[in-house]
Amino acid sequence: MRDTKEAGKYLFLSGIDTPSDGNAVELFTATLRGGDPLWIKSQFPGCLRRTPATGLPDRLQTRLRDLGFPDSFAGDAPLFPPKQSNDKGGLKGTIGFLAIAAIALVILLGLIHGAMLVAGWLFGK
């Protein structure tokens, strides 16, 4: 792999610790240190984000804690559960829909009026 940082990511996530791979892993973890756990999570593949922490290698769990992950991540729940949206649209959604519908109606009426004018010019009415 020509991208050492990307290689380091997958070596880091595998939990394998070999001296020959240390530079690649260090390059990847250097970019993560001090980062917010939610941002760090965004650097991981989707399948890992859905994996319960107990399914991760012990070495990886330790490395994640060293990067600032809370101890609570070690349960049976996914590392980061999918977000639940509480937004049901509400007033903002209704106003937005009505504004788009009004704009679409004005455009449609303009097209109809324009077509009638062109037809009048073409057919002499």
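Bear in mind that the values here come from a model prediction, so they are computed numbers and not experimental data.
With contacts defined as side-chain heavy-atom distances shorter than 4.5 Å, the pair Trp121/Val118 qualifies. Considering only heavy atoms from C-beta on, Thr29 stays 4.5 Å or farther from Arg63 through its side chain. The shortest distance between side-chain heavy atoms of Phe12 and Leu64 falls below 4.5 Å.
Here Asp66 contributes atom CG and Gln61 contributes atom CD; the two are 12.0 Å apart, rounded to the nearest 0.5 Å. Expressed to the nearest 0.5 Å, how far NZ of Lys9 lies from CG of Leu27 amounts to 12.5 Å.
Taking Ile, Leu, Val, Met, Phe, Trp and Tyr as hydrophobic and joining them when side-chain heavy atoms fall under 4.5 Å apart, one finds Leu105 in a cluster with Leu109.
Between Gly8 and Phe28 the shortest heavy-atom distance is C-CB, 3.8 Å.
Taking the side chain to side chain contact (heavy atoms under 4.5 Å, CB included) definition, one finds that Pro57 meets it with Leu60, sequence neighbours left out. In this structure, the side chain to side chain contact (heavy atoms under 4.5 Å, CB included) partners of Ile107, at least two apart in sequence or on a different chain, are Ile103, Leu111. In this structure, Val106 has no side chain to side chain contact (heavy atoms under 4.5 Å, CB included) partners at least two apart in sequence or on a different chain.
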